[in-house]
K.L.:
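Take this structure first; my questions come after.
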There are 2 protein chains.
Amino acid sequence: MGYSIAEAARTSGLSIDTLRYYERINLLDPPARDAAGRRSYSDEDLAWLSFLTRLRTTGMPIRRMREYASLRRRGIASAGRRKAILVEQRAAVADRIAELQACLEVLDYKIANYEHLEQNIPAVQHEASA
Amino acid sequence: MGYSIAEAARTSGLSIDTLRYYERINLLDPPARDAAGRRSYSDEDLAWLSFLTRLRTTGMPIRRMREYASLRRRGIASAGRRKAILVEQRAAVADRIAELQACLEVLDYKIANYEHLEQNIPAVQHEASA
DNA sequence: AGTTGACCTGGAGCGCACTCCAGGTCGTAC
DNA sequence: GTACGACCTGGAGTGCGCTCCAGGTCAACT
């Protein structure tokens with residue numbers, strides 16, 4: 001019943017320092033404490049943490065995650081605004097994927113050029129821009 | 001013949017300050033100068049710049065781009081190492097796309113939950129972790 | 001001749017997201 | 001009872017990638 005900060009760090013993939021930092025900046029509600037004053041994370045804490053790390057992975061800035069966290073604290077009434085944030089982030093992620101895919105193509109093209117070079121076939125594009 | 005720094009900024013999407021910064025850290029070879037000592041970028045400079053911005057878009061750290069730039073200066077002999085960098089970056093980009101796609105799914109799931117909420121259909125997951 | 005505006009340099013400053021540190025308190029194992 | 005290790009706090013420090021600034025030069029326009 002209750003995970004130590006080390007356990008929370010291990011399961012979330014964040015460092016202990018980062019967990020305390022997230023708490024300090026109000027991303028994480030202060031978890032329960034054990035008799036000795038040590039943090040004791042609940043399953044719910046970990047679930048929220050896991051969602052937060054997902055948002056981080058998408059590149060959402062911490063400022064925005066704080067906004068989301070603060071809305072969440074206000075309960076069901078803020079659901080509309082929270083949804084809007086997620087919808088917006090979804091769009092940003094989709095855009096980012098498209099952008100990366102375009103870069104993949106450029107990389108493939110350049111890599112192919114290097115392969116031609118290796119085979120002594122004249123490169124499609126001159127070396128200067130490779 | 002030759003683009004001013006303002007033109008180079010416009011076509012690359014970088015700021016003038018960033019162009020000078022890139023030059024300072026040896027990402028960009030110093031461009032030609034006009035009679036008054038102002039930078040004059042060639043088409044080749046712009047092509048290289050455009051490739052650099054692609055690499056940046058993929059999230060390649062500047063340190064690594066500098067390494068690539070320095071290899072490029074050594075000419076054809078470094079082609080193998082340059083190719084290796086691109087191949088590695090290609091893999092990183094592919095991984096990142098996969099990661100983002102997984103996040104998209106989580107977002108879609110959460111958004112669907114909010115939609116259920118709006119329709120008064122009980123959410124699949126309890127509010128606490130939403 | 002004077003004003004504007006684009007450009008120049010070296011160097012300082014900034015926002016972000018951590019990360020590290022000193023100095024201290026507990027609880028358990030020897 | 002003491003050594004150890006995990007944890008605590010407040011605050012300072014770090015690395016990255018720019019971004020901004022002061023003070024200056026130069027060419028073109030009025």
K.L.:
Determine the minimum heavy-atom distance between B:T53 and B:S12, stating which atoms define it.
P.N.:
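Minimum heavy-atom separation between B:T53 and B:S12: CG2-O, 4.0 Å.
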K.L.:
Take the protein atom CD of A:E23 and the nucleotide atom P of C:dC18, then report the distance between them rounded to whole Å.
P.N.:
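Whole-Å distance recorded here is 15 Å.
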K.L.:
When you measure from the side-chain N and O atoms of A:R63 to the phosphate of C:dC16, is any distance below 4.0 Å, counting only OP1 and OP2?
P.N.:
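A:R63 to C:dC16 OP1/OP2: side-chain N or O found under 4.0 Å.
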K.L.:
Nearest to the side chain of A:T18 - D:dC18, C:dC18, C:dC7?
P.N.:
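Out of D:dC18, C:dC18, C:dC7, the nucleotide with an atom closest to A:T18's side chain is C:dC18.
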K.L.:
Using only heavy-atom distances, determine whether the side chains of A:Y3 and A:D43 contain a donor-acceptor pair under 3.5 Å.
P.N.:
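Looking only at side-chain atoms, A:D43 and A:Y3 do form a donor-acceptor pair, the distance falling under 3.5 Å.
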K.L.:
Tell me: CD1 of B:I16 to P of C:dC8, nearest whole Å?
P.N.:
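Spelled out: CD1 on B:I16 to P on C:dC8 is 8 Å.
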K.L.:
Nearest whole angstrom, please: distance from the C1' of D:dA12 to the OH of A:Y21.
P.N.:
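Rounded to the whole Å, the gap is 15 Å.
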K.L.:
Does A:R20 have a side-chain nitrogen or oxygen under 4.0 Å from the phosphate oxygens OP1 or OP2 of C:dC18?
P.N.:
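Checking A:R20 against C:dC18: no side-chain N or O falls below 4.0 Å of OP1 or OP2.
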K.L.:
Using a distance-only test with no angle check, is there a side-chain donor-acceptor pair under 3.5 angstrom linking B:R82 and B:Y68?
P.N.:
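Note: B:R82 and B:Y68 side chains miss the donor-acceptor criterion.
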K.L.:
Examine C:dC7: is either OP1 or OP2 under 4.0 Å from a nitrogen or oxygen in the side chain of B:S4? Give yes or no.
P.N.:
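Affirmative; the distance criterion is met.
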K.L.:
In whole angstroms, how far is the C1' atom of D:dG5 from the CD1 atom of A:I5?
P.N.:
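Whole-Å distance recorded here is 15 Å.
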K.L.:
Answer yes when A:R64 and A:E67 have at least one side-chain N-carboxylate O distance shorter than 4.0 Å, and no when they do not.
P.N.:
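Salt bridge: yes.
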K.L.:
How close do B:P31 and B:S40 get, heavy atom to heavy atom, and via which atoms?
P.N.:
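Closest approach of B:P31 to B:S40: CB-O, 3.8 Å.
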K.L.:
From the set D:dC7, C:dC21, C:dC18, return the single nucleotide nearest to any side-chain atom of A:D17.
P.N.:
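So the side chain of A:D17 is nearest to C:dC21.
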K.L.:
Is the phosphate of C:dC16 approached by A:R66 (side-chain N or O, under 4.0 Å from OP1 or OP2)?
P.N.:
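For C:dC16, OP1/OP2 do not have a side-chain N/O of A:R66 under 4.0 Å.
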K.L.:
Nearest whole Å is fine: how far is D:dG17 P from B:M60 CE?
P.N.:
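Value for this atom pair: 12 Å.
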K.L.:
Can you tell me the distance, in whole Å, between the CG atom of B:L52 and the P atom of D:dG17?
P.N.:
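Taking atom P of D:dG17 as the reference, CG of B:L52 is at 13 Å.
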K.L.:
Distances for protein N/O vs nucleotides 27-30 of chain C N/O pairs under 3.5 angstrom?
P.N.:
none

K.L.:
Give a yes/no answer on whether the side chain of A:Y22 brings an N or O atom under 4.0 Å of OP1 or OP2 in C:dC18.
P.N.:
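For A:Y22, the contact criterion (side-chain N or O under 4.0 Å from OP1 or OP2 of C:dC18) is met.
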K.L.:
Which heavy-atom pair separates B:A6 from B:I16 by the least distance, and what is that distance?
P.N.:
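B:A6 and B:I16 have their closest heavy atoms at CA-CD1, 4.0 Å.
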K.L.:
Tell me whether B:R10 is salt-bridged to B:E7, with the criterion being a basic N under 4.0 Å from an acidic carboxylate O.
P.N.:
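Not counted as a salt bridge, because no side-chain N and carboxylate O are separated by less than 4.0 Å.
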K.L.:
Between B:E99 and B:R96, is the closest basic N to carboxylate O distance under 4.0 Å?
P.N.:
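Salt bridge present between B:R96 and B:E99.
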K.L.:
From the options D:dC18, C:dC8, C:dC18, select the nucleotide whose nearest atom is closest to the side chain of B:R56.
P.N.:
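Within the option list, the nearest is D:dC18.
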K.L.:
To check you understand the geometry: which heavy-atom pair defines the closest contact between B:L55 and B:M65, and what is its length?
P.N.:
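In terms of heavy atoms, the two residues are closest at CB-SD, 3.9 Å.
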K.L.:
For DNA chain C, determine which residues of residues 24-34 of chain B have any heavy atom closer than 4.0 angstrom to one of its atoms, and list them numerically.
P.N.:
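Correct list: B:R24, B:R33.
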